[in-house]
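All values below come from the heavy atoms of this structure, side chains included, with hydrogens, waters and symmetry mates left out. Throughout, residue positions are numbered sequentially from 1 according to the sequence presented.
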Amino acid sequence: MQRVLPENLDIVKGVLRFHIRQAAVKMYLDDEQFYEYGYERISQNKTVGSGFQFINFPDQYPGKTLTIHLYLSEDAVFSRLDPIHIYEWENAYRALLTENRIPLFSGCFLTIFGLVVNIITIFALAFSIKYIRVFCISLFSMFMGLWTLCYYNVILIFSIPLYSLSLLEYLTLYIAPIPLIIYMWPDVRNLKQRIFHILYWIIFAVHITATICTIALHAMDIVHFAATLKYMQMLMVCSLLYFILVEIMNLKTSKTVGRLFLIGMLVIGGCIFHDLIVYWGSRFYGKTEDSLRGVTSIGVIFFIFILIASFYISLTQKLMQETERNFLIKSAYTDELTQIHNRRYCIEYMNKIKENEAGDYTVICFDLNDLKITNDTYGHTRGDILIKSAASVIADTFKTHGIVARMGGDEFIAIIETASPEKVEQLIAQFHTNIENKNNEIRDLHMSIAYGLASCHAKESTIEKVYQLADNRMYEKKKQMKEAKSQELISVH
């Protein structure tokens, strides 16, 4: 290409902005070369990249002939030449950033947002795998942000070599769909249709394989990224259409989240198709790119917010379901009056001891004395206070060492994870102290509890026999306490 520069140009210390598209370049003024790029890399069969180059222009240029030689390194890399601009040195990068202000904003936002959320979710994943979808969102956001900054050459302000810029652009574009595909798995699994599961794993395997192969081929300088771009774009479009179909199918089961996510998929799909049409038109048909830049990045920002919103809606629904489930489980295994475990829980706990052949443990059976007299004399309200007081004393004494439960009526049980006589004796002493404290705390309570215990050492007996022995000893103790009380009454009279 050749042109005589006008005589009336008054730019001092000018910078020539030239858009290189996978080509080596030599520039001359009146046959005197002042710039060269890419020939050495092409001789080594390496990629030269695409993007803007800011070339220091000689001071004495008006009226001279500017000649530009291009040597293409790839097939069909462009079908038209981009305008060549000369700026004052201090205005060159300012003009680039002004033209691409939307990609600059959206790219920086996506990159920073993705990086921050990525760091946070790495720590969150150590506690729960449910944050894996947020992690995927952050990776997708970060990759798309970097791709936007590279594709619109905004990152050139950091003086990154053009071939490195192109390498980062292709890498982020090729890797970005992978975390999004991982994110989509729960929605595909939710369909419970074998054909969709098979298609998902095919798409996932093809994306992984294609990405690894293209990176390997590029690294070995066999086939560069520029030659594989159209095939990767076709794969991305097919994947996008598949996931739009998945979300349409999911509308039957998850209306709110499904509709929200489908809107996001349609928006980002429309933005991607817009930029693909502009790109293909520019590369293959010589069409001029429109002034609306960064459409895909805007769509990605919208899509990211949709992903986050749908994730948290889905997470909230799951937490509500889990809370309801935990409440039902607690209700099934909790005594309504005393809020300690009930008979059902105790029986299942005993079955676990039996199945696991637990070693040392002690079973303590309790019976609340004079409950019927209290109910008949003072009413069931007073009786309930007595029952709750007994449960409180038993729980305060033994709960930290095992489990306590109300077996029904005035009967309670504690199963503690020790058979040491000294330890059991200490707990029984504390039990008596707690009864005395409770009686002092509540006026006219007069609580009395009979108990019996039995221990098992090193699997020497079954839980049924240990429980039966403790229960028998409890009734013996209750009989003794009743007789002692009768003797006390007789002696008083």
Side-chain angles (χ1 to χ4, degrees), residues 1-38 48-70 77-78 80-112 145-169 275 278-279 282-283 286-298 301:
M1 298 178 291
Q2 200 171 70
R3 177 178 177 179
V4 177
L5 298 176
E7 294 280 357
N8 59 351
L9 286 176
D10 57 355
I11 297 177
V12 181
K13 293 185 178 180
V15 173
L16 186 145
R17 191 179 79 178
F18 184 70
H19 199 173
I20 295 175
R21 295 179 185 270
Q22 302 294 340
V25 181
K26 286 182 180 179
M27 293 189 179
Y28 302 84
L29 273 178
D30 284 349
D31 298 327
E32 183 179 347
Q33 181 177 319
F34 68 91
Y35 176 76
E36 179 180 336
Y37 169 79
V48 293
S50 296
F52 287 114
Q53 285 285 65
F54 292 91
I55 303 156
N56 291 327
F57 214 53
D59 294 337
Q60 303 300 321
Y61 60 85
K64 293 186 177 182
T65 301
L66 174 64
T67 304
I68 301 176
H69 290 186
L70 295 176
V77 289
F78 63 85
R80 68 178 181 85
L81 295 171
D82 296 283
I84 301 171
H85 300 276
I86 300 177
Y87 298 97
E88 292 283 0
W89 182 84
E90 62 270 17
N91 295 327
Y93 287 103
R94 186 186 304 166
L96 175 66
L97 296 180
T98 302
E99 292 172 3
N100 297 287
R101 53 190 176 275
I102 294 178
L104 172 64
F105 165 77
S106 56
C108 288
F109 173 82
L110 289 170
T111 304
I112 295 171
L146 288 172
W147 173 81
T148 300
L149 295 175
C150 293
Y151 181 75
Y152 291 99
N153 297 279
V154 177
I155 208 168
L156 277 174
I157 60 175
F158 299 107
S159 301
I160 298 176
L162 200 59
Y163 51 85
S164 299
L165 181 70
S166 290
L167 177 63
L168 184 59
E169 175 191 337
D275 280 1
V278 171
Y279 172 81
S282 172
R283 176 167 175 174
K287 303 292 184 181
T288 303
E289 294 187 19
D290 57 21
S291 58
L292 187 59
R293 297 171 180 266
V295 173
T296 295
S297 59
I298 295 173
I301 291 176

Exercise. Got Met1 and Leu70 here, is their nearest side-chain heavy-atom distance under 4.5 Å?
Worked result: yes
Exercise. Would you say Ser166's side chain and Ser50's backbone share a donor-acceptor pair under 3.5 angstrom?
Worked result: yes
For this session: Decide yes or no for Trp89 and Asn56: does some side-chain heavy atom of the first lie under 4.5 Å from some side-chain heavy atom of the second?
Result: yes
Problem set entry | Close side-chain approach of Ile55 to Tyr37, heavy-atom, < 4.5 Å | no
Exercise. Do Ile84 and Arg3 come within less than 4.5 Å of each other through their side chains, counting heavy atoms only?
Worked result: no
Seminar exercise, completed: Heavy-atom closest pair (Leu165 atom, Ile155 atom, distance to 0.1 Å) is CD1-CG2, 2.6 Å
For this session: Look up atom CG in Leu149 and atom OG in Ser106, then write down how far apart they are to the nearest 0.5 Å.
Result: 7.5 Å
Exercise. Hey, mind stepping through Leu96 and Val154 against side chain to side chain contact (heavy atoms under 4.5 Å, CB included) and telling me if it holds?
Worked result: CA-CA 7 Å; Leu96 175 66; Val154 177; 5.9 Å; no
For this session: For residues Leu29 and Leu66, report the shortest heavy-atom separation together with the two atoms involved.
Result: CD2-CA, 4.0 Å
Seminar exercise, completed: Smallest heavy-atom separation, Glu169 atom then Cys150 atom, equals CB-CB, 3.6 Å
Exercise. Quick one: which of Leu16, Val25, Ile20 gives a side-chain contact (heavy atoms from CB on, under 4.5 Å) with Gln53?
Worked result: Ile20
Exercise. Is any side-chain heavy atom of Tyr87 closer than 4.5 Å to a side-chain heavy atom of Arg94?
Worked result: no
Exercise. Less than 4.5 Å apart, any side-chain heavy atom of Thr111 and any of Thr148?
Worked result: no
Problem set entry | Near-ring test Phe34/Phe57, centroid separation under 6.0 angstrom | yes
For this session: Report the residue from Phe52, Phe54, Phe158 that forms a ring-ring contact (aromatic ring centres under 6.0 Å, His included) with Tyr93.
Result: Phe54
For this session: Give the intermediate values and the outcome of side chain to side chain contact (heavy atoms under 4.5 Å, CB included) for residues Thr296 and Tyr151.
Result: CA-CA 11 Å; Thr296 295; Tyr151 181 75; over 6 Å; no
Problem set entry | Spacing of CD1 belonging to Ile301 relative to CG belonging to Leu110, to within rounding of 0.5 Å | 4.5 Å
Exercise. What's the spacing between Glu7 CD and Lys64 NZ if we round to 0.5 Å?
Worked result: 11.0 Å
Problem set entry | OG on Ser297 to CH2 on Trp147, rounded to 0.5 Å | 7.5 Å
Exercise. In terms of ring plane angle, is the pair Tyr28 and His69 parallel, tilted or perpendicular, where the classes change at 30° and 60°?
Worked result: tilted
Exercise. How about Gln22 and Val48: do any of their side-chain heavy atoms sit closer than 4.5 Å?
Worked result: yes
Exercise. Does a side-chain heavy-atom distance below 4.5 Å link Ile160 with Leu168?
Worked result: no
